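Model, not experiment: these values are computed from the prediction.
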Amino acid sequence: MRTFFEQLFRSQVWRSVFRHGLPESNRTRAEAIFFNFFLHVHPTKVRKRSVRFNYTWGLGGLSFGLFIILTVTGALLMLYYRPSAPQAYWDMKDLQFVVSSGQFLRNMHRWAAHAMVAVVFLHMLRVFYTGSYRPPKEFNWVIGVVLLVATILLSYTGYLLPWDQLAFWGISVGTNMARAMPFGIGEKISFLLLGGNIVGENALVRFYVLHCFILPVAAMVLMGIHFWRVRKDGGV
Amino acid sequence: MAEQTTNDPLKSETAVATSEKPPIPPKPAAAQISATPLPRKPKQDRAPDDDPGIWRMSRRSILSLAGWLAFFGFIATSTIGALRFMFPRVLFEPPTKFKAGFPQDYVVGEVSEKYKDEKRVWIVREKDGFYAVIAICTHLGCTPRWLPSDNKFKCPCHGSGFYKSAINFEGPAPRPLERAYIGLADDGEIEIDRSIKFLYEKGEWGKPGSFLEYKG
């Protein structure tokens with residue numbers, strides 16, 4: 001077994017992927033971090049205080065984990081869901097009663113979505129109570145607030161997709177709230193969101209595109225910046 | 001030898017040239033390498049200092065400006081185009097104008113729910129005539145219910161209540177329900193257009209079209 005690993009570590013394939021030696025010296029240990037795409041954002045030094053679990057409660061990491069779950073289950077649900085008025089509701093019902101593991105995936109998606117809103121909110125509370133929004137991290141707090149809004153919008157746009165009574169009236173109420181804006185801006189925004197004057201086919205497709213592409217991509221870009229800044233400021 | 005020269009004049013010429021080599025002329029003095037550089041022509045990348053022009057634009061800065069203008073012009077046009085793209089030109093929504101039968105089909109004092117499911121409109125028959133109430137709650141857009149026993153419209157979402165006249169009296173609704181255009185078509189049927197609205201708070205309930213006078 002030992003010789004197998006020795007051969008593996010010496011093989012050209014292994015050495016082409018990991019272009020540093022085994023982490024046996026300080027130099028190669030550092031290289032193992034610097035030369036890894038996923039680890040390279042880590043700071044050179046981390047304060048012991050910020051590694052302590054009950055300082056961060058791992059809430060940021062949990063939010064990211066939930067986002068991964070939502071991306072994976074969401075991508076799978078997309079295989080059976082058609083965002084059109086005659087089919088959307090029945091595709092959702094098929095996912096529940098016909099598709100293997102469909103009910104499980106849909107519930108995973110639903111509960112992870114609820115949990116993500118809660119965990120992101122708790123993460124925000126933690127950052128507030130530890131004063132982590134103070135200079136030099138004030139801009140990262142701003143990105144975090146935008147990410148909270150993105151999370152809530154993702155949750156809201158997903159609400160319409162089952163195309164049932166709850167979805168229809170939820171979106172009716174929400175877009176009518178937007179209508180309350182003065183000087184005709186509200187009507188314009190509502191029309192833009194729904195792609196019409198009523199919650200119909202256009203609204204369903206718009207919310208689907210927002211939910212499955214625009215908002216997740218925006219959130220991913222912002223998360224990248226958010227994590228990078230956290231690392232550069234000495235967090236984990 | 002003589003025959004060959006006539007056949008091939010080039011060869012004979014070269015033969016002559018090699019035989020009678022002229023001496024190499026001495027190079028002109030100007031081409032000689034000297035330590036002092038030649039006077040350089042100024043490049044046109046900026047206006048000359050004595051340029052009297054107001055703008056003093058060089059060719060380079062004009063091209064640069066043109067390039068940036070083209071770039072921002074492109075970005076602005078694309079943004080406007082993308083924004084306009086978001087607002088559909090054609091909507092496939094149900095028509096807002098419809099016919100609702102003959103006036104004598106309605107009973108005095110009744111709130112007809114005949115067209116509520118399909119068109120979201122109540123038709124109210126009073127002693128003097130008709131008015132049409134749009135079944136969209138003015139709070140957040142739910143569909144209220146007509147409760148004949150309580151003689152009121154009641155919204156199931158947040159509890160807003162409206163009198164039969166459509167004026168709000170309880171719950172969070174900030175204003176009365178809207179009335180729609182009601183009139184008689186040429187064939188004597190009632191005609192309703194939901195897209196023409198009459199708002200109580202703007203004093204529009206007295207306007208023509210908000211009430212259909214009918215005694216029968």
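- Around CD of Q104(B), the count of heavy atoms belonging to other residues, nucleotides or ligands within 6.0 Å exceeds 12.
- In this structure, F169(B) places its CZ atom where more than 12 heavy-atom neighbours from other residues, nucleotides or ligands lie under 6.0 Å away.
- Shortest non-hydrogen contact noted between G195(A) and P88(B) is O-CG, 3.4 Å.
- The two atoms that bring L91(B) and G196(A) nearest to each other are CD2-CA, 3.7 Å, heavy atoms only.
- Applying the 6.0 Å contact sphere to CZ of F87(B) captures more than 12 heavy atoms from other residues, nucleotides or ligands.
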Could you show, one pair per line, the donor-acceptor contacts under 3.5 Å between chain B and chain A?
from: M86(B); atom 1: O; to: R206(A); atom 2: NH1; distance (Å): 2.8
from: M86(B); atom 1: O; to: R206(A); atom 2: NH2; distance (Å): 2.8
from: E93(B); atom 1: OE1; to: N197(A); atom 2: ND2; distance (Å): 3.4
from: E93(B); atom 1: OE2; to: N197(A); atom 2: N; distance (Å): 2.8
from: E93(B); atom 1: OE2; to: I198(A); atom 2: N; distance (Å): 3.4
from: L140(B); atom 1: O; to: N176(A); atom 2: ND2; distance (Å): 3.1

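- The two residues V173(A) and C142(B) make their nearest non-hydrogen contact at CG2-SG, 4.1 Å.
- The environment of Y200(B) atom OH is sparse: at most 12 non-hydrogen atoms of other residues, nucleotides or ligands sit within 6.0 angstrom.
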